[in-house]
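Start at 1 and go down the list; that is how both ligands and their atoms are numbered. What you are looking at is a predicted structure, and each value in this text was computed from that prediction instead of being measured. Below, all heavy atoms of this structure are taken into account, side chains as well, without hydrogens, waters or symmetry copies.
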Amino acid sequence: MNFLAFSGSLRNASLNSAVVRTAARLCPPEAALEVYEGIGSLPFFNQDVESTQPPAEVLDFRARLAAADAVLIASPEYAHGTSGVLKNALEWVVGGGELVDKPVAVVTASPSMTGGDRAQAWVKETLEVMGARILPESLPIACAGPKISDGRVTDETTLSELKEVIAAMARAAKARQDA
Ligand SMILES: Cc1cc2nc3c(=O)[nH]c(=O)nc-3n(C[C@H](O)[C@H](O)[C@H](O)COP(=O)(O)O)c2cc1C
């Protein structure tokens, strides 16, 4: 089973990037979770470019999504929404349909008490219109600062919750394969 995970933050000390790196370490042996780091290299979405000659970075991103059995997206919350870079990445995938019927888990890590729940709602709405199968185990991580150190999730409760997210991805991917 192949999982793809990416963070919507470009910040070096990103809490959300720490979440996807930790998810890769928590992945069970029967699955492999690849962390996609190229989101910041995707050009701004342009429908003219998409319909003529999509850039190699975009084709690569789309191919990785197409090959994944399930996807994990970790999003920061900026001004009550998701990041521009994440929204831009998703726009490149609308036309290709790589996320149609694909199990997708959404995690939002934020220093705030709401855990980035508004960004989470934003991302889910976009994914829903793209036809993704959004997993109910998606997770907001509130007051995330002290739960993450040295680029890794260290809080035991959050680690258990993250393991459950990955288990849900595996269950959904298997159910889709068996269907
Ligand atoms: C421009 C800007 C806007 C932000 N807006 C929000 C917000 O609306 N809600 C929130 O909970 N946090 C907000 N934050 C805090 C970010 O969620 C926080 O910096 C978070 O750690 C960013 O994600 P990252 O650690 O993955 O980079 C904002 C931060 C910045 C820089």
Does the pair S110 and S112 meet the rule for a side chain to side chain donor-acceptor pair (under 3.5 Å), with working shown? CA-CA 5 Å; S110 166; S112 76; 3.0 Å; yes

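- In summary, the atoms of ligand 1 found under 4.0 Å from a heavy atom of S112, numbered by their order in the structure, are 11 (O).
- E50 is not listed as a side-chain neighbour of N46, based on a closest heavy-atom distance of 4.5 Å or more.
- The protein atom (non-hydrogen) at minimum distance from atom 29 (C) of ligand 1 is Y78 CD2, 3.8 Å.
- At least one heavy atom of A79 lies less than 4.0 angstrom from ligand 1.
- When only non-hydrogen protein atoms are considered, atom 20 (C) of ligand 1 lies nearest to P111 CD, 3.7 Å.
- For atom 10 (C) of ligand 1, the nearest protein heavy atom (residue, atom name, distance) is E77 OE2, 3.5 Å.
- Polar contact check, L15 against ligand 1: a nitrogen or oxygen pair lies under 3.5 Å apart.
- The single protein non-hydrogen atom nearest to atom 26 (O) of ligand 1 is S14 OG, 2.6 Å, given as residue, atom name and distance.
- Residues K124 and E128 are not paired through a salt bridge, judged by the lack of any N-O separation under 4.0 Å between the basic side chain and the carboxylate.
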Would you mind writing out the side-chain donor-acceptor pairs for residues 132-144 within the sub-3.5 Å range, not counting sequence neighbours?
from : atom 1 : to   : atom 2 : distance (Å)
R133 : NE     : D101 : OD1    : 3.4
R133 : NH2    : D101 : OD1    : 3.0
R133 : NH2    : D101 : OD2    : 3.2
S138 : OG     : V106 : N      : 3.0
S138 : OG     : L135 : O      : 2.7

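- In this structure, the protein non-hydrogen atom closest to atom 23 (O) of ligand 1 is P76 CB, 3.2 Å.
- Using a 4.0 Å cut-off between charged side-chain N and carboxylate O, E164 and R171 make a salt bridge.
- Other residues, nucleotides and ligands place no more than 12 heavy atoms under 6.0 Å from the CD atom of Q53.
- Proximity to R11 (heavy-atom distance under 4.0 Å) selects the following atoms of ligand 1: 21 (O), 24 (P), 25 (O), 27 (O).
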Going through the distances and angles, do T108 and S75 end up as a side chain to side chain donor-acceptor pair (under 3.5 Å)? CA-CA 5 Å; T108 47; S75 173; over 6 Å; no

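- Which parts of ligand 1 touch N16 is read off a 4.0 Å heavy-atom cut-off, strictly below it: atoms 23 (O), 24 (P), 26 (O).
- Taking any N or O of T114, backbone or side chain, none lies under 3.5 Å from an N or O belonging to ligand 1.
- Atom numbering of ligand 1 starts at 1 in the shown order; those under 4.0 Å from a heavy atom of H80 are 7 (C), 8 (O).
- A donor-acceptor pair under 3.5 Å is absent between the side-chain atoms of S17 and the main chain of S14, judged by distance alone.
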